[in-house]
Student: 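The structure is given below, and queries will be raised subsequently.
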Amino acid sequence: MLLLGLWMATWGLLAASQTSLSTLGTGPSMPSTFIPCGPCMCNGSVVDCSSRGLTSVPSCGLPATATSLSLRNNSISYLGHGIFTRFLSLRWLDLSFNLLRNISVDLFQSLPLTTLNLAHNHLVFGNGTNCIETPFANLVSLTHLDLSYNNLHNVSCAVVESNVSNLHWLDLSHNLYSLSTEPRLLKYLGKLAILDLSHNYLNSLSEHLFQDVRALQSLNLSQNQIPLNNNAYPLGVFAMLSNTLTELRLEGNCDASYSRENFSYPDKTFYQLTSLKYLQLDGLPNLEFGSGFEGMTSLTNLSLSGKDGGFCFINSLTNKTFLHVPQSLRSLHLSNCNITRIEMDAFRPLQHLHTLDLSFNLDLGFETLGNAFYSLQGSDLQELHINSIIHPYAMCVMVTPRNTRFFKHTHLETIHARGNRLEVFCEGALRNMPDSLKFVSVDENELGFGSYFKDLGHLKNLREIHNDGHKNAFEPPTEYPPDQMQQCSTGNVEELTDSGMNCHSPWHPEDFSLKTWEPQQTSSRKRRSSALHTSGKLLYTLPPNLETYVSRWDKLYYQILEVEFNTSNYLTVLNLCNNLLTTWIGPVTGLTKLVTLDLSNNFAHNVSTRFFHTLTSLKVLNVSRNFLRLIIENDTSGELFEPLHTLQSLYVSKNYLNAVPPNVFRGLINLQNLVLSHNSIFHFDVNISHMKNLSLLDLSYNYIRFLPQSVMDHLDSVAEYQQVTVDITFNSIACTCQHVDFLTWILTSKVKFRSSNRLSCLMSDGGVRERINVFDVIQSLQKSCTDKSGILVGAVSCAFCLLVAMFSALVYRYRWKLRYLYYASRLAYRRLQTCDDDNDDFEFDAFVSYSSEDNDFVHGELLEELETRAGLRLNVHNRDFIPGRPIPSNIVSAVQSSRRTLVVLSRELVQSEWCHYEMQMATMEAAHTGRDVLLFLLYEDVPSQQLPRDVLYNLQSSTYITFPGTRAEPSLVRDFWARLAQAIRQG
Ligand SMILES: *[C@@H]1O[C@H](CO)[C@@H](O)[C@H](O)[C@H]1NC(C)=O
Ligand SMILES: *[C@@H]1O[C@H](CO)[C@@H](O)[C@H](O)[C@H]1NC(C)=O
């Protein structure tokens, strides 16, 4: 008998593994259309041999018709003679990131190459004293050549010889060119438009260097060693470029180690660059831009920035600094320039300036800035960048009305003032802002509540405020701040403020007494302290045209209680995500035009179901990443979102939701996107039939096994007139006989499934199968499900009949049987080895099979009644299972070592695959041993049409006892437990 069992088990496992292999094998696995060709991947004529550890070009397997060949990132050090001649159509060749040192002259001969990338090799061309011929001759169609990151140096001579006249783009950056007295370097390149010679060792420019590149538009000479003076820039060096060159980069050439005397802007040489629009160069200390700048009449953009490898140590801008800079200038970048002083008339010559960047001049300060604006009154300036113009350790930073007194007469529209440790605007400072102001970013400051909130109403045209806190943590300080940064004396402030304008020290505990957010004070300071005792509430006046307010990572730690805004506001976007707004009670009134509200990631848990009721214009609501589980799960009447009839997108991801009440979204008649991903939802039986415009239902990353018929029906009906997308990836959908309908729906419905090749299956044996092919799963299910129809239950009385019965059971449900026998025989074998078989004495009275949803009931009442009171020994899986042993083995062992298997039947259990498995094993045990194993506790009243066929079948042939409910009469309950205990003992 045992041998037979073992034999059948092996056979069954083999059969099982075969089925699973055949279903797996046909699933889509390669996402791209590239297929292997030799050691590489090919897609038609595109050949990708990158990162394959090659030491030479593969000699076979590659299509001769290749037009594009990448050999990037290999270890090729040598290219044999004629190795590319078979690729007659090759136009695009990438040999970058290899070990090439030399390339034979005729290697690329007669190839129709347009692009050749040889970057990141060790190419030299030449032996140190003499020029040698390069391999680029006669590449008539070549337009792009990248030779960056090699060892090219002066005696490499001409990069390209005659007949490459179509070269348009040449990158020689990161090489070893020095002196640059080699005029042949750029010969024959009459069509060259873009030349990069940055990151070399050039220390001056030879007068004839650019005489042949007469179409040059962009020249990059940054990061060399060419000092800014008239010797290094011979007078006529740009003469041939005066009509074409529009962009010139020279930054990173003058580091601070050069002595000051050698510096001056070579303006006489620049004079010829009449077409130049963009000029970037290093900033020299306290020097004027000479009269030669007047020749650059097209110049619009001048950058002296010390960022990104440039050097800038200007120190002070005087009334004369920009005197000769052309009026055409629109954009001036002076960031990271160590500017500490700006004379009041410094910007006078730049009246058409549009953008001014003074960021990262850490010692500039608001006082100097304010004075510099004297000469910008009436100018065209629209955009101002003053990020980090304050020392990073400064304290008590405030902006006074005196600082802003000249702003009033500018046309500023945009101000970026991030990272200034700004704590407060003194009263009146904001009233000096021009009416033109539309956008302000004060991210990464320390702005607290203050009486300046009263001035917000004066910012007439302000549309957008960004007031984010610090998103990223600071690095640990490396030194102590300078002494004067430590002082925080209000005395200084009094000096700076205009008479009558109070600028209090920024922190007043009273200000926070009202426990509301963004309070706006309407009373003076004296009256404020009395507000502490009355429960008066403030009316917050927003800038009348403010549309967007963003305040993320701002450590906002307020309870949102009653808040009132002036109703004449236009606030449409409010983003307060990543704060600590844990309590949403409301009512928040006045935000009648609010369309987008982001309250995600706020640790919210105390939320009134009426909180959103005043926000009736909302179209987008994001409440993801909070703790709304209990609020939503208890909202059975659907009050929370009820009045949001205009809502189009609702995001409730990552809220630990387990269940979603059917009517929770009942008011959302215009909803288009419903995102419930990253929760723990088991069953999505939610009423969505009113969502006629639904276009996205995102249920990814949950525990959903299937969708109920009503949801499928509604999605189908919407899909008739518009596209609907459903995302059920990362859910393990049920691939069992009872859910073939759902799988068929996935395959045949008009509804679109996002990444439908990424679906995974929970199989009836409890295993999970990734990346299934739905069609194949249905096919294999249909086969095994119809096998079940040949039920044959015969009376069994003799050994022969038992054998027959076993075979019929194999036909009936061969998988269960074989698995049971397999684990049973393994256990039996183990038992034989360890101790004597003692069949009559069970280790447990009952093995309890239940869904984890009913955990509380089983571990509470049931264990208490049956174990403690009735003295039965129960096997409960998460308590008594042997860790480390496979679950199927544990289940079979539990079924065998228990007199009865008690099934706690509930809605959830019917859907649980493991419980299904347990039930099957108990059936097998019953059939195998002839004892009465199964015992049902009807915990919930599940309508019989909801019960799967096999459960119904088992119910009919087994004992079952109905639980009267926790609220039933005590005598009934007592009777129930007694009957149950007796039924278990009788087994
Ligand atoms: C470089 O090559 C030339 C000619 O082929 C030869 O005369 C010269 O000696 C070589 N120089 C070095 C350093 O090998
Ligand atoms: C610069 O201009 C301002 C305003 O016209 C003037 O007050 C100041 O004296 C000038 N500075 C110098 C050094 O001329």
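Whatever order the structure lists ligands and atoms in, that order sets their numbers, starting from 1.
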Student: Is it the case that the ring center of F453 lies less than 6.0 angstrom away from the ring center of Y540?
Tutor: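 When the ring centroids of Y540 and F453 are compared, they turn out to be at least 6.0 Å apart.
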Student: Please test N371 against R341 for side-chain hydrogen bond (donor to acceptor under 3.5 Å, both in side chains), starting from the C-alpha separation and ending with a verdict.
Tutor: CA-CA 10 Å; N371 291 338; R341 196 172 142 252; over 6 Å; no
Student: Show me which atoms of ligand 2 lie under 4.0 Å from any heavy atom of E343.
Tutor: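 Checking each atom against E343, I get 1 (C), 11 (N), 12 (C), 13 (C).
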Student: Determine, using ring centers only, whether Y452 and F425 are less than 6.0 Å apart.
Tutor: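 Yes; Y452 has its ring centre under 6.0 Å from that of F425.
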Student: List the closest protein heavy-atom neighbour of atom 7 (O) of ligand 2: residue, atom name, distance to the nearest 0.1 Å.
Tutor: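 Sorting protein heavy atoms by distance from atom 7 (O) of ligand 2 puts M344 SD, 4.9 Å first.
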Student: Are H466 and Y549 an aromatic pair by the rule of ring centers under 6.0 Å?
Tutor: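 For H466 and Y549, the ring centres are not under 6.0 Å apart.
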Student: May I ask you to say whether E367 pairs ionically with R402, meaning some side-chain N is under 4.0 Å from a carboxylate O?
Tutor: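 Looking at E367 and R402, the cut-off is met.
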Student: Taking distance alone, with no angle check, do Y374 and ligand 2 share an N/O pair under 3.5 Å?
Tutor: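 Between Y374 and ligand 2, no N or O pair is found under 3.5 Å apart.
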Student: Which heavy atom of the protein is the closest neighbour of atom 5 (O) of ligand 2, given with residue, atom name and distance?
Tutor: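 I find the closest protein heavy atom is D345 OD2, 2.6 Å.
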Student: Using a heavy-atom cut-off of under 4.0 Å, does the side chain or the backbone of N319 touch ligand 2, or both, or neither?
Tutor: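 Just the side chain.
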